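Since the model is a prediction, treat every value here as computed from it, not as a measurement. Residue numbering restarts at 1 for every chain, and letters A, B, ... go by the order of the sequence lines.
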Amino acid sequence: MTREDAATIFERIALLLELKGENTFKVRAYRTGAEIVESFSGDIMQMAAENQLAGIKGLGEALRDKLHEMATTGKLEFYEKLKAEFPDTLFDLFDVPGLGPKKVAALHIELGVSSIADLKRACESGEAAKLSGFGGKTVEKILDGIAFREQHAAEFRQDQVHALAQEILEALRQHPHVSHAEVCGSFRRGKETVHDLDFLVSTKHPEEVIDSFVQLPIVVDVIAKGPTKASVHATHGVQCDLRAVSRKEFPFALVYFTGSKEHNVVIRQRALARGWSLNEYAFTPVPDHADAPVIPPVHDEAELYRALDLDFIDPELRENKGEIEAAEHGGLPHLVQLENLRGVFHNHTTASDGGATLREMAHAAHELGLQYLGIADHSKSSFQANGLNEQRLLAQIEEIQALNEEMKEEGFRIFTGSEVDILKDGSLDFSDEIMSRLDYVVASVHNVFNLPEAEMTKRIIRAIENPNVTMLGHLTGRLLLQRPAYNVNIAAVIDAAAETGTIIELNASAWRLDMDWRWWKLAKEKGVKCSINPDAHSTHGLQAVIYGIKAARKGWLTRKDIINCLPLGQIEEALRAKRAR
DNA sequence: GCCGTTTTCGGCCCGACTGTTTTCAGTCG
């Protein structure tokens, strides 16, 4: 059992206890437990198995025992019994915005609602609206929520499929008959969500490779299986497809299955213009095309593009959004790579809602090979996140200064910052006097999401007009597959950022990836700088930069567009630039 | 269920917003 599984079980226990009307503090204890398990620095499951969990704040005797049971037996008796009292599909109801434990309980007990389908029926029949505490607006909101959910059915965020993709790829590459293996599709293109994983191998023995693919331990059930192709459901219900081709076909299949469809259409048209037809296996001469040039040999993707007089196009750019035109005349950007990052901003510690201490975060960042770490804990208005007031912030600054002294010899630096709430009217949660004492400020919206677009836009622009606001956090507040972006005029905010010299964050959390990749090309053209921010709430959370890098690449960004590619010695000036204007 | 301790049980994080109410419960961050 992995830590994620254990955390999920604690989370579900919390939900079920809430449903049963248990003491809210007991519920909270399980929820806190889930967070601790999720973000603990160290192998918590191994420690649980060895009864080495004593002394961790928030994990008392009861939760320690339960963790031990899960780590050693792979299940939890307490949870199994609790779970048996309710249908499995009931959990889905909590994903609908506006539905919490009380409303779910009422729906379940009074109307026998157990699934999304039941819920939809109860809303449409008018039954739900009759329940105490329910009304027309509530039902409307629920139906909207169901529709949003259906739109995103069977989609997954990158954090949900990343490890799985790597695991399958590794298994395929280790197969003795596989010469090349790649993940294709939207995963390879770095999309923020994917609906399946497409794998491609080159082999002389396709049937043997397919056979071993459908027998991988992560396979839950086999949907289809033929001599060169198979589809399976893997862990968490992710559909995984495998195609096997020959070595010669591989580059063609790789382009074909990487897509996007729109990109491929243009590529095929381009081939046709030369008198060649292009499919997933080869270029073939079009009959009766008199002056078709000779088809050159193609051993890899770069040669395929070259054959069409194009520079190699990175998979992330293959969306038919100008990449083909740019590839014609050497206009493609040299995309940023993970290795270019020198530090990270916007990280939390135990001072607010993070799971790791300042020291743990600093050492983890140093260990990752970074030169600096920016701390930006929540400000006082974010009560739910234990936001810092002025006094606690000043104390943290001192703590950081002391730790900086200690780590100076290692060439590592911590920058003092804060994630300051943008209040409803666009004013900020800290005074200019306090903010000016920080190395940098991230300003973010954390409440009142439902303003009309004009008002929200005005609110955000007012905030970034403050010279102390170094960068703007998660511009739209979206949570992928869960909550849509709030209404805001992104183009207007980009303009204001350009005008005021404000950096815009690319929040790298797999839940956010906000600002969206589709806007970065425009931002870059306007001269707005990007900061790839992991928004880490634990040492593990720092790893989110891998998702941020993908999104940045998808947004045509190079290391020159991203301030945290600047090394120590240059980054300081970049942080000061706006105040100096 | 956890914590801290005044070692045996009381307190635990706060506020805005929404929609349904007629003074507030539920949800969310």
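- Sorted by first and then second residue, the salt bridge (charged side-chain N to carboxylate O under 4.0 Å, His left out) pairs with a member in residues 464-491 of chain A read A/Arg478-A/Asp516; sequence neighbours excluded.
- Here B/dG29 presents its P atom at 17 Å from CD1 of A/Ile422, a figure rounded to the nearest Å.
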Polar atom pairs (N or O), protein with nucleotides 19-22 of chain B, under 3.5 Å:
residue: B/dG19; atom: O3'; partner: A/Thr138; partner atom: OG1; Å: 3.3
residue: B/dT20; atom: OP1; partner: A/Gly135; partner atom: N; Å: 2.9
residue: B/dT20; atom: OP1; partner: A/Gly135; partner atom: O; Å: 3.1
residue: B/dT20; atom: OP1; partner: A/Gly136; partner atom: N; Å: 3.1
residue: B/dT20; atom: OP1; partner: A/Lys137; partner atom: N; Å: 3.3
residue: B/dT20; atom: OP1; partner: A/Thr138; partner atom: N; Å: 3.3
residue: B/dT20; atom: OP1; partner: A/Thr138; partner atom: OG1; Å: 3.1

Quick one: side chains of residues 128-144 of chain A, donor-acceptor pairs under 3.5 Å with protein atoms, not counting sequence neighbours, listed by atom name and distance.
none

Quiz: residues 80-107 of chain A side-chain donor-acceptor pairs under 3.5 angstrom, not counting sequence neighbours:
residue: A/Glu85; atom: OE1; partner: A/Lys20; partner atom: NZ; Å: 3.0
residue: A/Glu85; atom: OE2; partner: A/Lys20; partner atom: NZ; Å: 3.1
residue: A/Thr89; atom: OG1; partner: A/Ser114; partner atom: O; Å: 2.8

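- With 3.5 Å as the limit, one finds no donor-acceptor pair spanning the side chains of A/Thr457 and A/Asn489.
- Along DNA chain B, the nucleotide nearest A/Arg28 and the nucleotide nearest A/Gly60 are compared for position; the residue whose nucleotide lies closer to the 5' end is A/Gly60.
- The interatomic distance linking A/Leu107 (CG) with B/dT27 (P) rounds to 10 Å, in whole Å.
- The side chain of A/Arg483 sits closest to B/dG29 out of B/dC2, B/dC17, B/dG29.
- Checked against ring pair (Phe, Tyr, Trp, His ring centres under 6.0 Å), A/Tyr440 has the following partners two or more places apart in sequence or in another chain: A/Phe345.
- Each of A/Lys103 and A/Tyr30 lies near DNA chain B, and the nucleotide nearest A/Tyr30 is the one positioned closer to the 5' end.
- Scanning residues 375-387 of chain A for heavy-atom distances under 4.0 Å to DNA chain B yields A/Phe383, A/Gln384.
- For the 3.5 Å distance criterion, the side chains of A/Asp429 and A/His378 fail to qualify, holding no donor opposite an acceptor.
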Within the sub-3.5 Å range, which N or O atoms of nucleotides 5-9 of chain B have a protein N or O partner, and how far apart are they?
none

As a check on the pairing definition, encode DNA chain B in dot-bracket form, counting Watson-Crick and G-U wobble pairs whose two distances are under 3.5 Å, and using | for partners outside this strand. ((((....)))).((((((....))))))

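- Classification of A/Asp432 and A/Arg579 as a salt-bridged pair fails, no side-chain N sitting under 4.0 Å from a carboxylate O.
- Residue A/Glu35 contributes atom CD, which lies 14 Å from atom P of B/dG29 at whole-angstrom precision.
- The side chain of A/Ala29 sits closest to B/dG1 out of B/dC17, B/dG26, B/dG1.
- Listed by residue number, the members of residues 445-454 of chain A with any heavy atom below 4.0 angstrom from DNA chain B are A/His446, A/Val448, A/Phe449, A/Asn450.
- Across the protein-nucleic acid pair, A/Leu479 atom CG and B/dG29 atom P stand 7 Å apart, rounded to whole Å.
- In this structure, A/Trp511 places its CH2 atom 13 Å from P of B/dC28, rounding to the nearest Å.
- Within residues 83-99 of chain A, the residues having any heavy atom closer than 4.0 Å to DNA chain B are, in order of number, A/Pro97, A/Gly98, A/Leu99.
- Here the separation of B/dT6 from B/dG15, taken at their P atoms, is 28 Å to the nearest Å.
- The nucleotide whose nearest atom lies closest to any side-chain atom of A/Lys57 is, among B/dT27, B/dC3, B/dC12, B/dC3.
- By the ring pair (Phe, Tyr, Trp, His ring centres under 6.0 Å) test, A/Phe10 is found to be paired with A/Tyr30, residues two or more places apart in sequence or in another chain being considered.
- The stretch residues 103-133 of chain A participates, sequence neighbours left out, in no ring-ring contact (aromatic ring centres under 6.0 Å, His included) pair at all.
- As judged by a 4.0 angstrom heavy-atom cut-off over every strand, A/Ile13 is placed among residues making no nucleic acid contact.
- Base orientation of B/dT20: anti, the glycosidic angle falling outside 90° of 0.
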